[in-house]
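What follows is one structure encoded as structure tokens, with my remarks underneath.
Values in this document were obtained by computation on a predicted structure and should not be read as measured data. By convention in this document, chain letters (A, B, ...) are assigned in the order of the sequence lines, proteins followed by strands, and residues within each chain are numbered from 1.
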2 protein chains.
Amino acid sequence: MTANITPTDPGEKTLLERYNPDRFPRHSLAVDVAALSTFDGDLWALIIQRQSHPFREIMALPGGFIGLDESLGQAAARILDRETGLKNVFLEQLYTFGDPGRDPRTRIIAVAYYALIDWERMQHLKSQGHPMPLRLSVPWAGVSGGPVQILDQEGNLLPLAFDHAEILGMAVKRIRGKLDYVPIGFQLLPSCFSLRQLQEVHETILNQKLNKDSFRRRMLASGLLKATGELEEDVDHRPAELYRFTRKSAI
Amino acid sequence: MTANITPTDPGEKTLLERYNPDRFPRHSLAVDVAALSTFDGDLWALIIQRQSHPFREIMALPGGFIGLDESLGQAAARILDRETGLKNVFLEQLYTFGDPGRDPRTRIIAVAYYALIDWERMQHLKSQGHPMPLRLSVPWAGVSGGPVQILDQEGNLLPLAFDHAEILGMAVKRIRGKLDYVPIGFQLLPSCFSLRQLQEVHETILNQKLNKDSFRRRMLASGLLKATGELEEDVDHRPAELYRFTRKSAI
DNA sequence: AAAATAGTGTCTATGAGACACTATAGT
DNA sequence: ACTATAGTGTCTCATAGACACTATTTT
């Protein structure tokens, strides 16, 4: 559009140069990351123990403030890298939590992301310090949603800081719903896997047993799996063939 | 947790009182609303023509800055009310757009919401001035996603300001995906409607013809429709029975 | 009566679940 | 040989699509 300069319109260029962001309220913006994995029939989340107030010593999701020149996804990847040393992780925006009062310090809006990490990588976290995977307890079925709790090694419920139980719940709800039409299961497996492993991932996410025959047929008919010809090793029964995902569909 | 005060820990209360939000970068946060309706076999979106720079005179979604003490959903409802006078509208968070550079003034993060409004209400907007429904042209099938264009009365493509074509595209993708498992169709209809009207809404959203028999069976089997006993009027053929949605499932 | 759509009944094709059977590893 | 799981073939059942038919309004 032509920027005609008139007495009432000083022109776009001038206005942009004169623009004062402080004419409108400014907010603190953070990213929280729900990094999920599957193991032993349960979902696990990467949790840290807070070192400072508020919620000092309480369990929380990794998070941090968003820099002025990084995109939201970059901020999430940076924070996940800082906590785990992992790069190139499946990471997707989840929801933005902005209720006034969700943080007792001041109003902080959190753009939540979720990540899917296979258990093998989850075991080799760079910073062996605070972050650790903790088992989830999902107190609802299907995709009804709601907060999700975390358990310590003895199976005791641990409280979560801020609204992080809601964020985790939203992440579980999202991947349950998404699993029906997007093959995200392989994000939680090594690059080579058996159909049984894939089925166990699905069963863990959905928290329900699936029919073996029908699951095999669906997966093989999807055209997204490629047989490698290799076989499982070190199992005390007939070894299964290993498959790879053909990542033709953009994730 | 007991707030033990030690030489290295001044206590939670003190820290919260001393908290300085300016220790971290602060951002401009806005809400943009994609208000959708269906009519004449197409999706329509509520569009305004910008009165000021940047993108002066270009078409855009209604939006505004988020107040310091309102929730994100409240901000979206306030802005939709300001533009349309409509209250109690189906409104749901869509995605947060935060790429640096998406707004030429300064970095502005936009939490996008989408609304579903039945065509009847769309015709009686309070402020007869700027906001108007414009027809959408969706250049992709299914839920592949991508930007969506708007058409003027003559069917010419109009440019959209900022990343609003992407926001609209995300909204269309979302409702297409959601329609398969959540009955959102009735949000685009008056409270009483025929099965044919409902099918037309589905066909418009999905942009594909549906099988009449199977659609009827699915809808009636869902248990979400209640026959009213009333019939259509002023149609030049056998009148259809009218139904209501039983909103037992929380939307 | 003609036109147009509403609504019902039935056949068929497809896909999921169930089950039986064979195959192949370790012990 | 025994056990455990992999993998195949087949039957059944539920649901979607197709189609034929009847019903009810306006013109």
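By the 30° and 60° cut-offs, the orientation of the rings of A/Phe97 relative to A/Tyr95 is perpendicular. A perpendicular orientation is assigned to the rings of B/Phe215 and B/His202, their planes being inclined by more than 60° (bins at 30° and 60°).
Salt bridge A/Arg135/A/Asp152: absent, no basic N to carboxylate O contact under 4.0 Å. Here A/Arg218 does not pair with A/Asp180 in a salt bridge; the nearest charged N to carboxylate O distance is not below 4.0 Å. Using a 4.0 Å cut-off between a side-chain N of Lys or Arg and a carboxylate O of Asp or Glu, A/Glu232 and A/Arg196 do not qualify as a salt bridge.
Taking atom CG on B/Leu242 and atom P on C/dA6, their separation rounds to 11 Å, with Å as the unit. When rounded to the nearest whole Å, the span between CE of A/Met219 and C1' of C/dG17 equals 16 Å. C/dT24 atom P lies 17 Å from atom CD of A/Glu233, rounded to whole Å. Here the C1' atom of nucleotide D/dA6 and the CD atom of A/Glu230 are 17 Å apart, to the nearest Å. Nucleotide D/dT26 holds its P atom 11 Å from the NE2 atom of B/His237, rounded to whole Å. As rounded to whole Å, 5 Å separates atom P of C/dG17 from atom CG of A/Asn211. To the nearest angstrom, P of D/dA4 lies 16 Å from CD of A/Glu232.
For A/Asn88, the CG atom counts as loosely surrounded, since its 6.0 Å shell holds 12 or fewer non-hydrogen atoms of other residues, nucleotides or ligands.
Comparing C/dA6, C/dA16, D/dT5 against the side chain of A/Arg218 picks out C/dA16 as the nearest. Considering only the side chain of B/Ser214, D/dA16 comes nearest among C/dG7, D/dA16, C/dA18.
Counting only heavy atoms from C-beta outward, the side chains of A/Leu116 and A/Ile175 approach each other to under 4.5 Å. Using a 4.5 Å cut-off on side-chain heavy atoms (C-beta onward), B/Leu134 and B/Leu158 make contact.
Axis angle across the helix from C/dA1-D/dT27 to C/dT27-D/dA1, with five pairs used at each end and values rounded to 10°: 0°.
Residue side chain A/Arg238 does not reach the base of C/dA25 through any donor-acceptor N/O pair under 3.5 Å, judged by distance alone.
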For nucleotides 8-11 of chain C, print each protein N/O atom paired with a nucleotide N/O atom at under 3.5 Å, atom names and distance only.
{"from": "C/dT8", "atom 1": "O4", "to": "B/Asp213", "atom 2": "OD2", "distance (Å)": "3.4"}

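Using a distance-only test at 3.5 Å, with no hydrogens or angles considered, a donor-acceptor pair links the side chain of B/Asn211 to the main chain of B/Ser214.
Annotation: of the two residues near DNA chain C, A/Leu231 and A/Phe215, the 5′-most nearest-nucleotide partner is A/Phe215. Across the interface with DNA chain D, nearest-nucleotide mapping of A/Leu195 and A/Asp236 shows A/Asp236 to be the residue nearer the 5′ end.
Taking a 4.0 Å limit (strictly below) on heavy-atom distances, residues 197-207 of chain B does not reach DNA chain C anywhere.
With no hydrogens or angles considered, a side-chain donor-acceptor pair links B/Thr96 and A/Thr96 at under 3.5 Å.
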* To do: Carefully, step by step, assess B/Tyr114 and B/Glu92 under the rule side-chain hydrogen bond (donor to acceptor under 3.5 Å, both in side chains).
  => CA-CA 6 Å; B/Tyr114 72 99; B/Glu92 202 166 69; 2.6 Å; yes
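Residue B/Glu241 is classed as a sugar-phosphate contact, given heavy-atom separations below 4.0 Å to backbone atoms only.
Screening B/Phe186, B/Trp119, B/Phe245, B/Tyr243 for a ring pair (Phe, Tyr, Trp, His ring centres under 6.0 Å) with B/Phe193, the sole residue that qualifies is B/Phe245.
The side chain of A/Arg196 contributes an N or O atom lying less than 4.0 Å from OP1 or OP2 of D/dA6.
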